[in-house]
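In what follows, every chain begins at residue 1, and chains take the letters A, B, ... in the order their sequences are listed.
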2 protein chains.
Amino acid sequence: MISQTEENYLKAIFKLSEQSDKPISTNAVSKELNTSAASVTDMLIRLSKKDLVNYAKYKGATLSDEGSRLATHLVRKHRLWEVFLYDKLGFTWDEVHDIAEQMEHIRSEQLVDRLDDFLGNPKFDPHGDPIPDADGNFAQRQQYLLASLNNSEVGVVVGVQEHSSAFLQYLDKLELVLGAKVQIIDKYDYDGSIKILLNEEKEQIITNKVAQNIFVKT
Amino acid sequence: MISQTEENYLKAIFKLSEQSDKPISTNAVSKELNTSAASVTDMLIRLSKKDLVNYAKYKGATLSDEGSRLATHLVRKHRLWEVFLYDKLGFTWDEVHDIAEQMEHIRSEQLVDRLDDFLGNPKFDPHGDPIPDADGNFAQRQQYLLASLNNSEVGVVVGVQEHSSAFLQYLDKLELVLGAKVQIIDKYDYDGSIKILLNEEKEQIITNKVAQNIFVKT
DNA sequence: ATTTATTTTTAGACTAATCTAAATATTTTA
DNA sequence: TAAAATATTTAGATTAGTCTAAAAATAAAT
Ligand SMILES: [Mn+2]
Ligand SMILES: [Mn+2]
Ligand SMILES: [Mn+2]
Ligand SMILES: [Mn+2]
């Protein structure tokens, strides 16, 4: 049996592994989970005894096949619950994550699969992140950073890089939500800010920081 | 903050308190939760330090007002999730309890209240047990044991006393489910078994043990 | 009213998960 | 490449929750 705490460590390592190919350092995990580095070392030793991570002293950790499978399943549950909260209960996209953090730990294969069907087998969660299927396969999609588009190019918002409530609420204010159509009018070298045409009707300027955290498909 | 384990103890004491007015003994809790009596003593001391139970050595425990409030809220969550699993995901009444045991610990006031609305503010769960509202008030209903009806009396099944999967699955086979209409044809003193007319069409004999575990309204 | 049986508490130990402080490795910088 | 800075591990402690075995209290039976 694997504990909720162990699950959280696996998920953290999984998340960090998406951002880099190298083994994940003790400190990276410690920062991600707000625990001490000492605690992380302890846990990595425990997880490697269970063959869920490959760990070598001072060398960091990677997920084993089984660890990876478990982490992917957690991500599946997390994102399906986010869809449930958003689609069925009317929560906003900045509210769903914290509740899903709890719900992802519910153990019942039947529950996950029935939930998936109940929700219409969604392929993406409310933040545009892909939902792995029962076999752990993610839907892949070409997506670019909004900041990388050139003048006059058009994109549709399909995801976010940042997931903080503050950022998501700010996007609501800017009306830069999933599905929004964005055309690049001009890019200003001075501070990297970008003038866009939003949904073919409204021009506005967004900062580079915002544009660096939005994914679009073209 | 209260832990999941503490929540389970509160719920156990709450459940046992429904069956008797006296303080709940250490052994009763230990039996209910499958833990040692020593563990229960430890926990009762901890819970009484948090003013969630009133506990005196060798005298058993009762819930404080706050403990009772928390336990009722857990029951509310448990039964709402059972309705969700039954109504929305198509689980059977013998499957919902175990999953709800996990889901009842999810912490979010908003979630509970939105779920309640989503489900149409149900007053009873799939076993016919009343669901407390947000203020902790239960819908009360006159209900009798099927075994207590007299010859020719009619009742509608509205609940069960036993909640074991074995019993619930057996009731499915007998078609003695919630809503079934039952008329007493004859009661046999020899072994207490009862001949009933089910849904105005089928006669069958049920054991006293079954009749003692079914609630009907008349 | 003693003795016997049962219940409950205490004593002591264990595991999971966490922390701080100190020791040791690794990496960076000069 | 030696010194300084940073990262990681070890040592030792703490808390929640659990257990078994022994001691003490309560209840039941003779
Ligand atoms: Mn999330
Ligand atoms: Mn998400
Ligand atoms: Mn139940
Ligand atoms: Mn129920």
Side-chain angles (χ1 to χ4, degrees), chain A residues 1-14 16-17 19-63 67 70-71 74 101-102 104-105 107, chain B residues 1-14 16-17 19-63 67 70-71 74 101-102 104-105 107:
Chain A
M1 245 314 82
I2 179 176
S3 72
Q4 284 199 199
T5 308
E6 289 169 327
E7 288 186 337
N8 285 333
Y9 276 89
L10 289 182
K11 208 159 58 93
I13 298 167
F14 182 88
L16 294 164
S17 299
Q19 290 151 36
S20 106
D21 294 328
K22 283 169 254 168
I24 306 308
S25 73
T26 302
N27 259 6
V29 177
S30 131
K31 203 175 163 188
E32 174 71 24
L33 294 178
N34 288 305
T35 53
S36 72
S39 300
V40 174
T41 300
D42 278 356
M43 183 57 91
L44 291 179
I45 290 167
R46 280 214 299 276
L47 290 174
S48 70
K49 277 182 187 151
K50 291 189 175 192
D51 285 317
L52 298 173
V53 305
N54 308 114
Y55 166 71
K57 255 193 196 182
Y58 295 102
K59 303 293 179 191
T62 57
L63 291 178
L70 287 173
L74 282 164
E101 281 291 296
Q102 300 179 60
E104 73 193 8
H105 298 291
R107 267 169 245 272
Chain B
M1 247 313 84
I2 180 176
S3 71
Q4 284 200 197
T5 308
E6 289 169 328
E7 287 185 339
N8 285 332
Y9 275 89
L10 289 182
K11 208 159 58 92
I13 298 167
F14 182 87
L16 294 164
S17 298
Q19 290 152 34
S20 106
D21 294 328
K22 285 170 252 167
I24 306 308
S25 73
T26 301
N27 259 7
V29 176
S30 132
K31 203 174 163 190
E32 174 71 22
L33 294 178
N34 289 307
T35 53
S36 72
S39 300
V40 175
T41 300
D42 279 355
M43 183 55 93
L44 291 180
I45 291 168
R46 281 214 297 276
L47 290 174
S48 71
K49 278 182 187 151
K50 291 189 175 192
D51 285 317
L52 298 173
V53 305
N54 308 113
Y55 166 69
K57 254 192 195 183
Y58 295 104
K59 302 294 179 188
T62 58
L63 292 177
L70 288 173
L74 284 163
E101 281 292 296
Q102 300 180 60
E104 73 193 7
H105 298 291
R107 267 167 245 272

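- Residues forming a salt bridge (Lys or Arg N to Asp or Glu O under 4.0 Å) with K22(B) (at least two apart in sequence, or on another chain): none.
- Residues forming a side-chain hydrogen bond (donor to acceptor under 3.5 Å, both in side chains) with N27(A) (at least two apart in sequence, or on another chain): none.
- In this structure K59(A) satisfies the salt bridge (Lys or Arg N to Asp or Glu O under 4.0 Å) test with no other residue, sequence neighbours excluded.
- The salt bridge (charged side-chain N to carboxylate O under 4.0 Å, His left out) pairs that include a residue from residues 31-55 of chain B are E6(B)-K50(B), K15(B)-E32(B), where partners are two or more places apart or lie in different chains.
- In this structure, M1(B) places its CE atom 13 Å from P of dG17(D), rounding to the nearest Å.
- Every residue two or more places apart in sequence or in another chain was checked for a side-chain hydrogen bond (donor to acceptor under 3.5 Å, both in side chains) with Q102(B), and none qualifies.
- The shortest distance between side-chain heavy atoms of L52(B) and E7(B) does not fall below 4.5 Å.
- A 4.5 Å side-chain heavy-atom check between V29(B) and Y9(B) finds at least one atom pair inside the cut-off.
- The closest side-chain heavy-atom distance from L16(A) to Q19(A) is below 4.5 Å.
- Heavy-atom contacts of chain A under 4.0 Å fall on DNA chain C between two terminal nucleotides, which in 5' to 3' order are dA16(C) to dT26(C).
- Of all the heavy atoms in A61(A) and L44(A), the pair that sits closest is CB-CD2, 3.8 Å.
- With sequence neighbours excluded, the residues forming a side-chain hydrogen bond (donor to acceptor under 3.5 Å, both in side chains) with S36(A) are S39(A), listed by chain and number.
- One atom, CD of Q4(B), and another, P of dT18(D), lie 11 Å apart when rounded to the nearest Å.
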Give me the distances for all protein-to-nucleotides 27-29 of chain D N/O pairs that come in under 3.5 Å?
none

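- Taking the C1' atoms of five terminal pairs at each end of the helix from dA1(C)-dT30(D) to dA30(C)-dT1(D), the two resulting helix axes are inclined by 0°, rounded to 10°.
- Residues from residues 28-48 of chain B placing a heavy atom under 4.0 Å of any atom in DNA chain C, listed by number, are A37(B), A38(B), T41(B).
- In this view, T41(B) satisfies the side-chain hydrogen bond (donor to acceptor under 3.5 Å, both in side chains) rule with no residue, not counting sequence neighbours.
- You'll find the side chain of V53(A) stays beyond 4.5 Å of the side chain of M43(A), heavy atoms only.
- Taking side-chain N and O atoms only, K57(B) has no distance below 4.0 Å to OP1 or OP2 of dT26(D).
- Considering only heavy atoms from C-beta on, L63(B) stays 4.5 Å or farther from I24(B) through its side chain.
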